[in-house]
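Proteins come first, then strands; the chains are lettered A, B, ... in the order of their sequence lines, and each starts at number 1. For clarity, every value in this text was computed on a predicted model and none was experimentally measured.
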Amino acid sequence: MIDLAAFRADPEAFRRAWTARGLAIDVEALLAEDARVRALKHRAETLKAELNAASRAIGAAARAGGAALEEAKARARALGDQQKAADDERAAAERALHERLLYLPNPCLPEVPLGKDSADNRVVGVWGEPPRFAFAPRPHWELGPQLGIMDFERAAKLAGSGFATLRGLGARLSRALINWFIDTHVANGYTEWSVPHLVLPAIMQGTGQLPKFADQLYRCRDDELLLIPTAEVPLTNLHADEILDPALLPLRYCAYTPCYRREAGAAGVGTRGLTRVHQFDKVEMVWFTTPERARADLDTMIGHATWFLSELGLHHRVVQLCTGDTGFSAACTFDLEVWSPGTQSWLEVSSCSTFTDFQARRANIRYRGPDGKPRFVHTLNGSGLALPRCLIALVETYQQGDGSVLIPPVLRPYLGGCERIAPARQG
RNA sequence: GGACAGGUGGCAGAGCGGUCGAAUGCGCUGGUUUCGAAAACCAGUGUACCCUCCCGGGUACCGUGGGUUCGAAUCCCACCCUGUCCGCCA
């Protein structure tokens, strides 16, 4: 949620920011609506003050015992009707404005490159080189089933299209990565959480998934609960409606959760195998920090995420998203992309963003500033990392001519020393 | 799921329908005292929005939402949450 006072002070800055995102927001109408709400509020509150005074007078008169008591009550009643009407009008206008604000995206930071879509994103760093093969590298959706570590057909039997199963060393490899990620985060000072995978609508609103992106969420038919699309949602909202002790900042949290996404409208595009599925595992990092250090903290977080890819020896790059490609709640986003030799393309395995105070306003997450007054925190989050695409890159990068796949040395301790995945007898 | 009990300020804990944003205690902050500390004493100590040049003023918030009333922390209804017991269950 944007800061209405800031908007009022410099509406043109917001207009520019929204234009950069490719949105034409009627700034004048918004200003007018804001002014109207405040006028209605003032009127309702003034009437309420009069009514309160009248009521107090009646209380005093009743104790004193006066003849004019009934007349005073009648006057108060009339005033009350008037006040009630004014207050209803005020409430309706406030609700409408608030609802409208929920649909306005976060302005991007000035450093974010202007652009329309992903074609305008800026590559800011590349690590390594694409692996070379003495044979034609195959995609994971061929390698996986052949090695007996992925099974897409049976997943479709269970849940329809867009799901995957991992089998044997595939499942174990995924679990090894999760453990390695979390162990590393904890060593880096993150606190690990285990959180609900089902949350209330208000929680989804706090991080910005609702109300605008309801069609991307799985919902329960008989309960007011939604499946999380990322651990960002429960982790960030852990501190909703709280005032944090500044001595604790920055708070660094991480969690492993499955992520559930309907992917409405994404059918057909890069959806083979594990590339884009309705349910996938992810380890997520979430920071609560101060406005002053948020941007620097984002770089630190990106460093934490890229470190894994380097350790795994996977060719990867860092991309700064342009204004048109930056997500609704984010102010600045860097994607980490890993190279898929099997498809000769980049796969996003992490997205690290600062949300400035946008989520903090929605979720009401504050801390005590130097003056002792509550201020909104800045929230950051990033994948660290998303599992399926790491598996894709690992399998495709380390595939051998004989169809086996080598395990990078860093992961071997998490796999009981296993160095290689060879085709296994399947049942 | 059923039966009880309860949800009040950072915590504990009062609160006859009117002067309650709310007693009291603790905690916290500042001060006095002290060589210093403790103790004691004094003062202060919620959040949000609105009006105002300042001083200051107004409104709202006692789980949430409705209702009754001139007036609700106090009465009524619904819901949510917590605790205890029962049932069911990994």
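- Atom C1' of nucleotide rA48(B) and atom CG of D3(A) are separated by 13 Å, given to the nearest angstrom.
- For rA14(B) and rU74(B), the C1' atoms lie 13 Å apart once the distance is rounded to whole Å.
- Among the atoms of the strands shown, only primed sugar atoms or phosphate atoms (P, OP1, OP2) are found under 4.0 Å from some heavy atom of R368(A).
- The nearest whole Å value for the distance from the CZ atom in R95(A) to the C1' atom in rG65(B) is 12 Å.
- With both pairing distances under 3.5 Å, rA48(B) is matched to rU59(B) as a Watson-Crick or G-U wobble pair.
- Pairing partner, rU19(B): none, since no Watson-Crick or wobble contact has both distances short of 3.5 Å.
- Residues S329(A) and N106(A) bring no donor and acceptor atom of their side chains to less than 3.5 Å of each other.
- Following rounding to the nearest Å, F376(A) (CZ) and rU47(B) (P) show an atom-to-atom distance of 13 Å.
- Put simply, the residue from H239(A), E242(A), H378(A), R375(A) that forms a side-chain hydrogen bond (donor to acceptor under 3.5 Å, both in side chains) with Y367(A) is R375(A).
- A donor atom on one side chain and an acceptor atom on the other are not found under 3.5 Å apart for T236(A) and N381(A).
- In this structure, D120(A) does not pair ionically with K116(A), as no charged nitrogen and carboxylate oxygen lie closer than 4.0 Å.
- Under the Watson-Crick or G-U wobble criterion, with both distances below 3.5 Å, rA78(B) is paired with rU64(B).
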Fill in the blank from the handout: Going 5' to 3' through nucleotides 55-61 of chain B and flagging B where a protein heavy-atom sits under 4.0 Å of the base, S where only the sugar-phosphate is that close, and - otherwise, we get ---BSS-
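- When both distances must be under 3.5 Å, the Watson-Crick or G-U wobble mate of rC4(B) is rG83(B).
- The separation of rC50(B) from rG66(B), taken at their C1' atoms, amounts to 26 Å, rounded to a whole angstrom.
- Between R361(A) and rA48(B) there is no side-chain polar atom (N or O) within less than 4.0 angstrom of OP1 or OP2.
- Nucleotides rC88(B) and rU69(B) place their P atoms 48 Å apart, quoted to the nearest Å.
- Between M1(A) atom CE and rA48(B) atom P the separation is 15 Å, expressed in whole Å.
- The phosphate of rU47(B) (OP1 or OP2) has no side-chain N or O of R366(A) nearer than 4.0 angstrom.
- Checking rA43(B) for Watson-Crick or G-U wobble geometry (two distances, each under 3.5 Å) identifies rU29(B) as its partner.
- No side-chain heavy atom of L169(A) sits less than 4.5 Å from a side-chain heavy atom of I407(A).
- Among the protein residues, K41(A) comes within range of the sugar-phosphate backbone only, with heavy atoms under 4.0 Å from sugar or phosphate atoms but none that close to a base.
- Rounded to a whole angstrom, the distance from the C1' atom of rA43(B) to that of rU33(B) is 15 Å.
- For the residue pair G313(A) and Y398(A), the shortest heavy atom distance occurs at O-OH, 3.2 Å.
- Residues G80(A) and R8(A) both approach RNA chain B. Their nearest nucleotides, taken by heavy-atom distance, put R8(A) toward the 5′ side.
- Across all strands shown, rG36(B) has no partner, as no Watson-Crick or G-U wobble contact with both distances under 3.5 Å is found.
- Between rA39(B) and rC26(B), the distance separating the two P atoms is 11 Å to the nearest Å.
- Nearest-nucleotide positions on RNA chain B place S55(A) closer to the 5' end than the other of S55(A) and E94(A).
- Taking atom P in both rG27(B) and rA12(B), one finds a spacing of 15 Å when rounded to whole Å.
- Rounded to a whole angstrom, the distance from the P atom of rC80(B) to that of rG65(B) is 15 Å.
- Checked for salt-bridge contact, K84(A) and D87(A) miss the test: no charged N lies under 4.0 Å from a carboxylate O.
- Here the separation of rG63(B) from rA73(B), taken at their C1' atoms, is 12 Å to the nearest Å.
- A salt bridge does not link K48(A) with E45(A): none of the charged nitrogens is closer than 4.0 Å to a carboxylate oxygen.
- Pair check for rA14(B) finds none; no Watson-Crick or G-U wobble contact set falls under 3.5 Å.
- In this structure, L51(A) reaches the sugar-phosphate backbone alone: every heavy-atom distance under 4.0 Å involves primed, P, OP1 or OP2 atoms, never a base.
- For D88(A) and rG67(B), the CG to C1' distance is 14 Å, given to the nearest whole Å.
- As judged by a 4.0 angstrom heavy-atom cut-off over every strand, R43(A) is placed among residues making no nucleic acid contact.
- The residue R375(A) sits apart from the nucleic acid: no heavy atom pair falls under 4.0 Å.
- Contact check on E153(A) versus K157(A) returns no salt bridge, with no Lys/Arg side-chain nitrogen under 4.0 Å from an Asp/Glu carboxylate oxygen.
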